[in-house]
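All values below come from the heavy atoms of this structure, side chains included, with hydrogens, waters and symmetry mates left out. Letters A, B, ... mirror the listed sequences (proteins, then strands); counts begin at 1. Here the structure is a predicted model, which means the values were calculated and not measured.
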Amino acid sequence: MLENIFKYAIFLTAWGWAGFVVDRKGLRIFVLPEERKKDVLFRMRKELKCNNLFEDNKGWESLIKKVKEYFTGKKVDFIDYQLNLDNYTNFQRKVLQMVKKISYGETRSYKEAAEAAGYPRACRAVGNTMRYNPLPLIIPCHRVIKSDGGLGGFSGKEGIALKRKMIDLESKVK
DNA sequence: GTAAGACATATTG
DNA sequence: CAATATGTCTTAC
């Protein structure tokens, strides 16, 4: 099997250390801000199950800049970046592409996301897909909430606070 | 290859 | 609140 080369970048945002991994087909993993830089790297390794990681920002400076701007409360979008979704099922790809199109400040319920993806009753499956979302923020899974206005879930117990914080940030945009 | 259970849900009574 | 429908994944045979 071919060696897959992964490049990663880690950088400091207003909320902590964030980072992402790309391979030659596009974005692969995005890691939300952590307290420590090494935690970000640890998460990347865990997701990829691979040690073939090289630090290299080349060609991705604009993404780094946008992410930093995002966490300072600026309105940015990530729709121009190419994602590598090779490891996902058709259903997941559809849902993820869909969610990616939700623009800044908007929210959708799990049901609406399911409908838009062409599976009107797959609300639960959408939730499942979000759980494994490899690219939080780039794919704005934090903008997908429950129909009754509740937040739903987010990665981990602390993650839910981050979700709220992100929605908060977006609602206050100037 | 099949079957049962788990899910970041929604709808109905 | 409980029950159930729903699509996909994981795990275990």
Only one of Arg93(A), Lys94(A), Gln92(A) clears side-chain hydrogen bond (donor to acceptor under 3.5 Å, both in side chains) with Asn90(A); which?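 Considering Arg93(A), Lys94(A), Gln92(A), a side-chain hydrogen bond (donor to acceptor under 3.5 Å, both in side chains) with Asn90(A) is found only for Arg93(A).
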Does any pair with a residue in residues 80-90 of chain A pass salt bridge (Lys or Arg N to Asp or Glu O under 4.0 Å), and if so which ones, sequence neighbours excluded?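 Every salt bridge (Lys or Arg N to Asp or Glu O under 4.0 Å) pair that includes a residue of residues 80-90 of chain A, provided the two are not neighbours, is Lys25(A)-Asp86(A).
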Tell me the salt bridge (Lys or Arg N to Asp or Glu O under 4.0 Å) pairs involving residues 102-127 of chain A, sequence neighbours left out?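 Qualifying pairs, neighbours excluded: Lys111(A)-Glu115(A).
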For residues 128-136 of chain A, which side-chain donor-acceptor pairs fall under 3.5 Å, sequence neighbours excluded?
residue: Asn128(A); atom: OD1; partner: Arg131(A); partner atom: NH2; Å: 3.3
residue: Thr129(A); atom: OG1; partner: Ala125(A); partner atom: O; Å: 3.0
residue: Asn133(A); atom: OD1; partner: Leu135(A); partner atom: N; Å: 2.9
residue: Asn133(A); atom: ND2; partner: Ile139(A); partner atom: O; Å: 3.3

Side chain to side chain donor-acceptor pair (under 3.5 Å) contacts in which one or both residues fall within residues 6-23 of chain A, not counting sequence neighbours: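 Passing the test, one end in residues 6-23 of chain A: Asp23(A)-Arg28(A), Asp23(A)-Asn84(A).
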Does any non-hydrogen side-chain atom of Asp168(A) lie less than 4.5 Å from one of Lys172(A)?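 Yes, close enough: below the 4.5 Å cut-off.
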Do Ser109(A) and Val144(A) have side chains that get closer than 4.5 Å, going by heavy atoms?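 A side-chain contact is absent here, since even the closest heavy-atom pair is not under 4.5 Å.
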Return the residues of residues 128-139 of chain A meeting this criterion: a heavy atom under 4.0 Å from some atom of DNA chain C. Order them by number, or give none.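 Hits under 4.0 Å, by residue number: Asn128(A).
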Can you list, in residue-number order, the parts of residues 88-98 of chain A that come under 4.0 Å of DNA chain C, counting heavy atoms only?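 Under 4.0 Å from DNA chain C: Thr89(A), Phe91(A), Gln92(A).
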Starting at atom [atom1] of [X], determine the distance to atom [atom2] of [N], rounded to an integer number of angstrom.
X         : N       : atom1 : atom2 : answer
Glu115(A) : dT9(B)  : CD    : C1'   : 13 Å
Lys146(A) : dA10(B) : NZ    : C1'   : 10 Å
Asp148(A) : dA8(B)  : CG    : P     : 16 Å

Between Phe20(A) and Val31(A), is a side-chain contact (heavy atoms from CB on, under 4.5 Å) present by the stated rule, with each step listed? CA-CA 6 Å; Phe20(A) 54 84; Val31(A) 182; over 6 Å; no
Quick one: do Leu27(A) and Val95(A) end up in the same hydrophobic cluster if we chain Ile, Leu, Val, Met, Phe, Trp and Tyr together by side-chain heavy atoms under 4.5 Å apart?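 Yes; tracing contacts between hydrophobic side chains, which count when under 4.5 Å, links both residues.
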Cluster check Leu63(A), Tyr104(A): I/L/V/M/F/W/Y, side chain < 4.5 angstrom: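 Looking at the clustering, Tyr104(A) is in the same group as Leu63(A).
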If you restrict it to nitrogen or oxygen atoms, what contacts under 3.5 Å exist between nucleotides 3-6 of chain C and the protein, and what is each distance?
residue: dA5(C); atom: N6; partner: Arg124(A); partner atom: NH1; Å: 3.1

For dA8(B), does the base pair up with any side-chain atom of Tyr110(A) as donor and acceptor (N or O, under 3.5 Å, distance only)?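 Donor-acceptor pair under 3.5 Å: yes.
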Could you tell me which residues satisfy ring-ring contact (aromatic ring centres under 6.0 Å, His included) with Phe91(A), sequence neighbours excluded, listed by chain and number?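 Result, ring-ring contact (aromatic ring centres under 6.0 Å, His included) vs Phe91(A): Tyr119(A).
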Find the distance between CG (Leu162(A)) and CG (Leu32(A)) and round it off to the nearest 0.5 Å.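 So the CG of Leu162(A) and the CG of Leu32(A) are separated by 4.5 Å.
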Please, what dot-bracket string fits DNA chain B when only Watson-Crick and G-U pairs with both distances under 3.5 Å count, crossing ones use [ ] and pairs to another strand use |? |||||||.|||||
Side-chain donor-acceptor pairs of residues 33-48 of chain A under 3.5 Å, sequence neighbours excluded:
residue: Glu34(A); atom: OE2; partner: Arg43(A); partner atom: NH1; Å: 2.6

Could I get a table of every N or O pair under 3.5 Å where one atom is in the protein and the other is in nucleotides 11-13 of chain B?
residue: dT11(B); atom: OP1; partner: Lys111(A); partner atom: NZ; Å: 2.7

Could you walk me through whether Glu170(A) and Arg143(A) pass the salt bridge (Lys or Arg N to Asp or Glu O under 4.0 Å) check? CA-CA 10 Å; Glu170(A) 296 188 8; Arg143(A) 297 182 192 136; 2.9 Å; yes
Partners meeting side chain to side chain contact (heavy atoms under 4.5 Å, CB included) with Asp77(A) (sequence neighbours left out):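 Scan of Asp77(A) (side chain to side chain contact (heavy atoms under 4.5 Å, CB included), adjacent residues dropped) gives Lys66(A), Ile79(A).
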